[in-house]
Amino acid sequence: VPVAPACSGLFPVSRPSVGRFLLYGNICLDCAMQVQSFPEEDSATRAQSYTKKTGGNCANSCRVLAQLLADTPLSVSSLGVIPDRGNPDANFALSSLERFGIDTSLMQEVKDASGVPTSFVLLSTDTGARTIVSSRCGLKEMDPEHLEHVLAATSDVAWCHFECRQPGVAQMLEMLRRRTPTTRPWVSLEIEKPGLELKAVLPMLQLCDVVFFSSDFIKARAGDLEVQEEAAGGPVQSHVAPRCLRALASQEGNPTQALLICAWGALGAFAFDPRSGQDFFQAAERVQPVDSLGAGDTFNAASLAALALGASVPQMLRCACAVAGRKVAQEGLENLA
Ligand code: FRU
C-alpha cells in the first residue's frame, strides 16, 4: 500500500488495508469573505475577496482524506443529509466532493428541503483566524436509521468516522457495536462543540477506537474533569490537554481503551493511549497563517489516513500536524497530498 505523499517517510511498512471510509457529518456552503481585520460591531467593511465553497466538517475531512488516500485501496464516501440535486446549492456541494473522487451516493437525500446549511465566514488577514456564523437553513439532521440502510447496501466499510452531532450519533455508535467483530468497522468520533456535556460524551467513548477532542471542548470541560493547568513542569507536562485526555479515559463507569487525540492550534497536538498508558505530544511547525478554515478537519483527516496506513501514534501526530500546518499556510483544501 503506497503511503500518503504528504507523510512520506513517516511510516513503517504500511498495514495492508482495503475498503471504504464512511465520514458522517455536516456538509454545507461556506460563504467566506477575507477582511484585513475582524470588524467592529455596527461598522461596514469592504472584503478583500469572496469565495463560495463547500464546507462542513464531513465535506472538509472527506476532501483531505481522498487526497491522502489516492492510489491506495482505501476509498472515501460521505454520509449525512442533503437536499436532492434539484436544489442548485446541493448540486454544487455534491459536485465539488465528486471532483475529489468522493462517493456521495450513500447520503440521505431530502426532497423539497428548504435549503442547504450555510455558514458565513470572516477570514482575518492579520491573524489568519476564521469566525463562523452558521445556520441549518431548516434542514433536519440525518436519520440514524439511514446508517442501517447504508451498511446493508455495502460490504466494504472499513472505517466509520462521526462528527458528534446531536441527536443521532450515540444511536449510530450503538448500532455499530451490535455488529459482529468480523463485520464491525473501525470507529472514530470527533467531539468538537464546547457545549457538549460530559454525561452525553462519556458513554460514547467506549464505543470508539479513536476519539478527537477540540481544544474548545477541552477548555470548556477541564473544570468538570477537575483538571487545572499546572504552573510547574515544562510546557507539555503543565498543559491541561494531556491531563484531560487521561481523565477522560478513566472516568468511573465509563473507562475507554480508545486512542484519544487533541489538536491545540499553533502549539501542536496531544494524544493519550489508554492501552499503553502513554502520552504523546507533537509540536506544530511554525507557519504564516493564511487561512485556518477547515484546519481541524484537515488534522482529523490526516490522522485517519496515517492510522489506516499503519502509522504509529507519534508518526500519526507528525503527519497530521504537517498536513494541518500546510493547510493553514495556504488558501483552501486543494494540494494537500
Ligand atoms: C470548519 C467548518 C466549516 C463550516 C463550519 C460548521 O471546521 O466545517 O467549513 O462552515 O465548520 O460546520
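Numbering of ligands and ligand atoms starts at 1, following listing order. Because the structure is a prediction, the values reported are computed rather than measured.
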(message) Strictly below 4.0 Å, N to O, side chains only: are D209 and R184 in salt-bridge contact?
(response) yes
(request) Check the pair D216 / E192 against side-chain contact (heavy atoms from CB on, under 4.5 Å), numbers first and verdict last. (result) CA-CA 7 Å; D216 284 346; E192 185 186 39; over 6 Å; no
(request) Any atoms of ligand 1 less than 4.0 Å from a non-hydrogen atom of S119? List them with their elements. (result) 4 (C), 10 (O)
(message) Quick check: R130 and ligand 1, any N/O pair under 3.5 Å apart?
(response) no
(request) Could you tell me whether G55 and ligand 1 have an N or O pair separated by under 3.5 Å? (result) no
(request) For residues E331 and V290, report the shortest heavy-atom separation together with the two atoms involved. (result) N-CG1, 4.1 Å
(message) Can a donor-acceptor pair be found, under 3.5 Å and without considering hydrogens, that links the side chain of E163 to the backbone of E190?
(response) no
(request) List the closest protein heavy-atom neighbour of atom 6 (C) of ligand 1: residue, atom name, distance to the nearest 0.1 Å. (result) N26 ND2, 3.9 Å
(request) Answer yes or no: is there a donor N or O on one side and an acceptor on the other, between the side chain of T104 and the main chain of L94, under 3.5 Å? (result) no
(message) Pairing donors with acceptors under 3.5 angstrom, does anything connect the side chains of N57 and R165?
(response) no
(request) Without swapping roles, check the side chain of S188 against the backbone of W186 for a donor-acceptor pair under 3.5 Å. (result) no
(request) Mind checking whether P117 contacts ligand 1 via backbone (N, CA, C, O), side chain (CB onward), both or neither, at a 4.0 Å heavy-atom cut-off? (result) neither
(request) Provide, to 0.1 Å, the distance between atom 1 (C) of ligand 1 and the closest protein heavy atom, together with that atom's residue and name. (result) D297 OD2, 3.4 Å
(request) List the closest protein heavy-atom neighbour of atom 2 (C) of ligand 1: residue, atom name, distance to the nearest 0.1 Å. (result) N57 OD1, 3.5 Å
(request) Measure the distances from the heavy atoms of G296 to every atom of ligand 1 and state whether one is below 4.0 angstrom. (result) no
(request) Could you check atom 3 (C) of ligand 1 against the protein and tell me its nearest heavy-atom contact, residue, atom and distance included? (result) D30 OD2, 3.4 Å
(message) Side chain, backbone, both or neither: which applies to V121 and ligand 1 if a contact is any heavy-atom pair less than 4.0 Å apart?
(response) neither
(message) Distance check, rounded to the nearest 0.5 Å: Q171 atom CD versus D143 atom CG?
(response) 9.5 Å
(request) Pull out every atom of ligand 1 sitting under 4.0 Å from any heavy atom of C28, numbered as shown with elements. (result) 4 (C), 10 (O)
